[in-house]
Enquirer: 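This is the structure, below, for whatever I ask next.
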Amino acid sequence: MSKVPPYPRIRKAVFPVAGLGTRFLPATKTVPKEMLPIVDRPLIQYAVDEAIDAGCDTLIFVTNRYKHAVADYFDKAYELEQKLERAGKHEKLELVRHVLPSGVRAVFVTQPEAKGLGHAVLCAKPVVGNEPFAVLLPDDLIWNRGPGALRQMADAAASSGASMIAVQDVPQEQTGSYGIVATEDFADRQGRITAMVEKPAPADAPSTLAVVGRYVLNPRIFDLLETTAPGTGGEIQLTDAISTLLREEAVNAYRFKGTRFDCGTHLGLIEATIRYALDHEKLSEAAARMMQDALYELGVREIQ
Ligand code: UTP
């Protein structure tokens, strides 16, 4: 008889994309941060592919009324498809048609006001219901050659029964930019979280293990979010609700395999673009040459 996992496998993934994206102004005046491209695909597509790779078939986008571009991207583009078909551009047609594979559905939920990440996740409650689910922040882009970070976490959650939060080590001086966790000892890439602090000063940080934008959460988090008061920045923080959850049940930090780029910052977006260009089957050689030339020119200028 096959073994029944103690935790149902996740099928639903929430993408909170209703933030204002102020760090990328003026571009984000009209282009949502999640639609900024890395080579030829928007950030949201990388996150969606990772969720599908983890076994999710229901993708819930928490948007605001200005973010039509995200919904439009996943909608059918009749005119464009007709034009590509008539022009015989079949390869391009396939790219446009397959932003979502068949069998995967996209659901859009509105967050009426940007009241914080925790509030955005709570907006997805009516669609998620009473089952474990994933949260992915598309501006955290995770690159690797094997199974995606969320798949690694979903596998771990299914066998351990605990909620999972992705973490990675950051330099001590950067703790003030992250949620930081204290944990018990790690085994199999997991360590039970004992405390979680939002953006602590380096001197107050309980560790250098920073939360990255991938979560597998028990639906109990919704009840806790409903009673979470606004925290840092007057926003309802997901971190605060998780801090309460981990006093009730196991919430594990998960050290994923992969490289994470913080595409919510200028340098992170540039770094990701370089890495993906250098890894691209058609562009890599030309991109490497271009980078070498640019660095050479910079060197020459510095010597002069
Ligand atoms: P960020 O802290 O990166 O905020 O949100 P932001 O507004 O997107 O960007 P900056 O800091 O102004 O440049 C983390 C994630 O939470 C979502 C964001 O869209 C992002 O994916 N979020 C944040 C919401 O969906 N709603 C909110 O009210 C706040």
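The residues of the chain are indexed from 1 along the displayed sequence. Both counts, for ligands and for their atoms, begin at 1 and track the order of listing.
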Enquirer: Would you mind finding which of Gly19, Pro138, Gly21 brings a heavy atom closest to atom 23 (C) of ligand 1?
Expert: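 It is Gly19 whose heavy atom sits nearest to atom 23 (C) of ligand 1.
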Enquirer: Is the contact between Thr28 and ligand 1 made by the side chain, the backbone, both, or neither, using heavy atoms and a 4.0 Å cut-off?
Expert: neither
Enquirer: I need the atoms of ligand 1 closer than 4.0 Å to a non-hydrogen atom of Glu34, numbered in the order shown.
Expert: 19 (O)
Enquirer: Is atom 5 (O) of ligand 1 close to the protein, meaning a heavy atom under 4.0 Å from it?
Expert: no
Enquirer: Who's the nearest protein heavy-atom neighbour of atom 7 (O) of ligand 1, and how far?
Expert: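 Atom 7 (O) of ligand 1 sits closest to the protein heavy atom Leu20 N, 2.8 Å.
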Enquirer: Identify the protein heavy atom lying closest to atom 21 (O) of ligand 1, giving its residue, its atom name and the separation to 0.1 Å.
Expert: Pro16 O, 2.7 Å
Enquirer: Report yes or no: do Glu235 and His119 form a side-chain donor-acceptor pair below 3.5 Å?
Expert: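 There is no such pair (donor and acceptor under 3.5 Å, judged by atom type) between the side chains of Glu235 and His119.
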Enquirer: Mind checking whether Gly116 has an N or O less than 3.5 Å away from an N or O of ligand 1?
Expert: yes
Enquirer: Between Tyr276 and Tyr46, is the ring centre distance below 6.0 Å?
Expert: yes
Enquirer: Specify the protein heavy atom at minimum distance from atom 14 (C) of ligand 1: its residue, its atom name, and the distance to 0.1 Å.
Expert: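 Going atom by atom, the protein heavy atom closest to atom 14 (C) of ligand 1 ends up being Leu137 CD1, 4.3 Å.
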Enquirer: Between Arg220 and Glu249, is the closest basic N to carboxylate O distance under 4.0 Å?
Expert: no
Enquirer: With a 3.5 Å distance limit and no angle check, can you tell me whether Asp53 reaches the backbone of Gly148 through a side-chain donor-acceptor pair?
Expert: yes
Enquirer: Give me the nearest non-hydrogen protein atom to atom 2 (O) of ligand 1 as residue plus atom name, then the distance to 0.1 Å.
Expert: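 Looking only at protein heavy atoms, the one closest to atom 2 (O) of ligand 1 is Arg23 NH2, 4.3 Å.
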Enquirer: In this structure, which one of Val135, Val121, Val14, Val17 forms a side chain to side chain contact (heavy atoms under 4.5 Å, CB included) with Val62?
Expert: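 Of all the options given, the one that passes is Val14.
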Enquirer: Any atoms of ligand 1 less than 4.0 Å from a non-hydrogen atom of Ala120? List them with their elements.
Expert: 24 (C), 25 (O), 26 (N)
Enquirer: Side chain, backbone, both or neither: which part of Val17 comes within less than 4.0 Å of ligand 1 when only heavy atoms are counted?
Expert: backbone
Enquirer: May I ask you to list the atoms of ligand 1 that are less than 4.0 angstrom from any heavy atom of Lys33?
Expert: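 Numbered from 1, ligand 1 contributes 3 (O), 6 (P), 8 (O), 9 (O).
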Enquirer: I'd like to check which ligand 1 atoms, numbered from 1 as shown, lie under 4.0 Å from a non-hydrogen atom of Asp139.
Expert: 3 (O)
Enquirer: Do ligand 1 and Ala18 have nitrogen or oxygen atoms that lie under 3.5 Å from each other?
Expert: yes
Enquirer: Distance to 0.1 Å, residue and atom name: give those for the protein heavy atom nearest to atom 12 (O) of ligand 1.
Expert: Thr22 OG1, 2.6 Å
Enquirer: In terms of atom number and element, which parts of ligand 1 are under 4.0 angstrom from non-hydrogen atoms of Lys115?
Expert: 28 (O)
Enquirer: Mind checking whether Arg255 and Gln168 have side chains closer than 4.5 Å, heavy atoms only?
Expert: no
Enquirer: State plainly whether the residues Asp57 and Arg105 are in salt-bridge range, i.e. N to O under 4.0 Å.
Expert: no
Enquirer: Quick one: which ligand 1 atoms are inside 4.0 Å of a heavy atom on Leu117?
Expert: 16 (O), 29 (C)
Enquirer: Charged N to carboxylate O under 4.0 angstrom, Lys83 versus Glu79?
Expert: yes
Enquirer: If the cut-off is 4.0 Å to any non-hydrogen atom of Ala114, which atoms of ligand 1 fall inside it?
Expert: 28 (O)
Enquirer: Quick check: is Ile10 connected to Leu100 through a chain of hydrophobic side chains (ILVMFWY, heavy atoms under 4.5 Å apart)?
Expert: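 Yes, Leu100 and Ile10 fall within the same hydrophobic cluster.
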Enquirer: For residues Tyr254 and Tyr215, establish whether the separation of their ring centroids is below 6.0 Å.
Expert: no
Enquirer: Who pairs with Ser284 by side-chain contact (heavy atoms from CB on, under 4.5 Å), at least two apart in sequence or on another chain?
Expert: none
Enquirer: What atoms in ligand 1 come closer than 4.0 Å to a heavy atom of Gln111?
Expert: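 Atoms satisfying the 4.0 Å criterion: 24 (C), 25 (O), 26 (N), 27 (C), 28 (O).
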Enquirer: Please work out which of the three classes, parallel, tilted or perpendicular, describes the rings of Phe222 and Phe133, given edges at 30° and 60°.
Expert: parallel
